[in-house]
Student: 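Sharing a structure, written as structure tokens. Questions coming.
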Amino acid sequence: MIPYLFFSLSLDRYPILENYLLEAGDSIKVLIDLRKGQTLFVGPTGAKYQAQHLIYQLLEATRQDQNPVMVSTPAGVERMVASNTEMYQKAIHQTSSLRKSLRFIQTRADSLHQLSSQKVDFSFQHPAWALYESQKQIMGAQFAQIIPSRIVGHQLLPFFRSARSYADLGQPVFEQLPTQVASLLQVQERYGWDARAPELIELLLHERYLMALQENTKLFPQFDQIDSDIRDRLYARYLISNIEHRAMSQEAFEHAANTVTTPWIRELITQMQKHLVVGADLSSHTFIGFEGNPVAIKDFEGKLVLISFWLSGCVYSEAEFEKVILPTQEHFKDNEEVVFLSASADPRHSVWKSTVESGELTSEYSLSVYAGPENPMIRGMGIRSYPRKVLLDTAGRFWGSRNFPEMQRI
């Protein structure tokens with residue numbers, strides 16, 4: 001099968017095109033008129049990309065036609081009304097073909113109403129399906145195979161995301177699932193499911209999670225009920241998305257590694273297991289000290305090591321340093337059994353030095369080191385966004401990531 005990938009275009013951080021399919025060997029030119037809000041694909045294979053673009057526009061138009069919501073507490077709404085009464089009244093009451101009414105989600109009933117309003121009265125009569133049928137010959141075999149899974153993903157994802165968020169409301173949520181699951185199965189019966197559609201994989205991840213809750217079973221057996229190509233991607237997506245929030249157990253990785261058959265996903269899981277499973281030995285990794293000297297994890301044997309990875313100029317890195325890292329360092333400043341490494345992932349060594357010399361993102365309680373984006377620990381742990389924290393035990397083994405409130409009790 002001809003290789004493909006997804007591409008996106010942004011202008012000043014604002015997305016213009018997001019996750020468009022791109023097929024190897026194609027030749028296109030994208031013309032974007034920001035004033036008129038028009039996008040045109042031209043070139044030898046431009047027609048199939050224009051068809052793809054029009055389908056996504058139709059799906060986006062449906063999404064934009066829904067009322068916006070805001071999750072808040074009754075007290076939060078009261079404060080908003082008190083401080084911005086006029087704005088609140090406009091948001092609630094002034095609607096038109098362009099402006100929708102804002103809905104506040106405050107209670108259990110609000111949540112269930114919101115979930116019910118997101119249910120899709122599924123039909124292949126949606127304009128996106130009609131356009132797909134008229135253009136699938138132009139798009140070619142590969143696009144024609146993947147796009148139905150992307151369409152149903154776009155249509156049903158809002159509901160399944162909300163259903164997962166509201167799953168703690170119990171039976172009333174589960175009662176709304178069958179019709180939406182039936183819609184998903186209709187697409188599978190007519191077009192099949194394509195594992196390469198990221199929207200479908202996310203959708204099935206939520207759906208399997210809800211099924212596990214409803215049937216009171218574990219999640220992985222739910223994955224195993226699906227065809228292997230999709231099942232393997234569910235394992236990969238689950239491990240990747242959850243590893244940033246909590247350390248995964250050895251058993252979880254072993255089950256995934258023993259089940260997955262797709263070679264590149266098996267290799268991905270193996271690499272993750274080496275770096276991200278609780279107890280993984282990371283003691284061999286090194287960084288560069290401010291004077292150019294190597295700083296090895298092994299140098300701190302017998303001590304807990306908290307490594308904070310950051311980027312210069314990143315507002316999120318700065319906020320975490322001020323609100324989380326520095327207060328934690330001050331709390332443990334007299335504890336010789338805890339070491340803090342302030343590790344820069346800046347692409348350029350000179351930028352890191354300049355930041356440290358300015359006193360930003362570092363303190364007297366931490367050791368400033370340079371990692372760079374290609375550092376083996378960063379690559380091995382799959383760190384792609386910052387800030388990121390990594391906690392190592394006294395033997396340099398992975399203990400956890402993200403937030404560590406338990407450190408206050410060490």
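Sequence positions, counted from 1, serve as the residue numbers for this chain. Quick caveat: nothing in here was measured; it's all calculated off a predicted structure.
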Student: side-chain contact (heavy atoms from CB on, under 4.5 Å) for Leu59 and Ile151? Distances and angles first, verdict last.
Tutor: CA-CA 8 Å; Leu59 292 168; Ile151 293 175; 4.0 Å; yes

Student: May I ask you to decide if Ala197's main-chain N or O and Arg150's side chain share a donor-acceptor pair within less than 3.5 Å?
Tutor: no

Student: How many angstroms lie between CG in Leu326 and NZ in Lys323, if you round to the nearest 0.5 Å?
Tutor: 13.5 Å

Student: Between Leu282 and Ile297, what is the shortest heavy-atom contact and its length?
Tutor: O-CG1, 3.8 Å

Student: Would you call the rings of His53 and Phe41 parallel, tilted or perpendicular, taking 30° and 60° as the class edges?
Tutor: tilted

Student: Is any side-chain heavy atom of Phe160 less than 4.5 Å from a side-chain heavy atom of Leu177?
Tutor: yes

Student: Side chains of Leu311 and Ser344: closer than 4.5 Å at any heavy-atom pair?
Tutor: no

Student: For the side chain of Asp229 and the backbone of Arg196, is there at least one donor-acceptor N/O pair under 3.5 Å apart?
Tutor: no

Student: I need the minimum non-hydrogen distance between Lys48 and Ile138, along with the two atoms involved.
Tutor: CB-O, 3.5 Å

Student: Kindly indicate whether the side chain of Tyr235, heavy atoms from C-beta on, has any atom under 4.5 Å from the side chain of Arg231.
Tutor: yes

Student: Would you indicate whether the side-chain heavy atoms of Tyr365 and Ile325 approach each other to under 4.5 Å?
Tutor: no

Student: Please list every donor-acceptor pair under 3.5 Å in which a side-chain atom of residues 120-127 meets a protein atom from a residue at least two apart or in another chain.
Tutor:
residue	atom	partner	partner atom	Å
Ser123	OG	Gln125	N	3.0
His126	ND1	Ala128	N	2.9
His126	NE2	Thr62	OG1	2.9

Student: Between Ile378 and Ala345, what is the shortest heavy-atom contact and its length?
Tutor: CD1-CB, 3.9 Å

Student: Between Tyr316 (side chain only) and Trp310 (backbone N and O only), is there a donor and an acceptor less than 3.5 Å apart?
Tutor: no

Student: Can you tell me if Asn258 uses its side chain to pair, donor with acceptor, with the backbone of Glu254 under 3.5 Å?
Tutor: yes

Student: Would you say Arg266's side chain and Val260's backbone share a donor-acceptor pair under 3.5 angstrom?
Tutor: yes

Student: Parallel, tilted or perpendicular: which one describes the rings of His255 and Phe220, with boundaries at 30° and 60°?
Tutor: parallel

Student: To the nearest 0.5 angstrom, please state how far the CG atom of Leu156 sits from the CG atom of Leu203.
Tutor: 5.5 Å

Student: Minimum heavy-atom separation for Asn375 to Thr286, with atom names?
Tutor: ND2-O, 3.2 Å

Student: Phe321 and side-chain contact (heavy atoms from CB on, under 4.5 Å): which partner among Ser366, Ser363, Cys314?
Tutor: Ser363

Student: What about Tyr20 and Tyr56, are their ring centers closer than 6.0 Å?
Tutor: yes

Student: Rounded at 0.5 Å granularity, tell me how far CG in Leu210 sits from CZ in Arg164.
Tutor: 7.5 Å

Student: Please check if the side chain of Gln50 supplies one atom and the backbone of Thr39 the other of a donor-acceptor pair under 3.5 Å.
Tutor: yes

Student: Measure across Gln118 and Pro158 and return the closest heavy-atom pair with its distance rounded to 0.1 Å.
Tutor: OE1-O, 3.4 Å

Student: Any non-hydrogen side-chain atom of Thr394 less than 4.5 Å from a side-chain atom of Lys303?
Tutor: no

Student: What ring pair (Phe, Tyr, Trp, His ring centres under 6.0 Å) pairs are there with at least one residue in residues 195-218, not counting sequence neighbours?
Tutor: none

Student: Quick one: does Arg208's side chain get under 4.5 Å of Leu219's, heavy atoms only?
Tutor: yes

Student: Evaluate the side-chain proximity of Ser368 to Val356: yes if any heavy-atom separation is below 4.5 Å, no if none is.
Tutor: yes

Student: Any idea which heavy atoms bring Glu133 and Lys136 closest together, and the distance?
Tutor: OE1-NZ, 3.0 Å

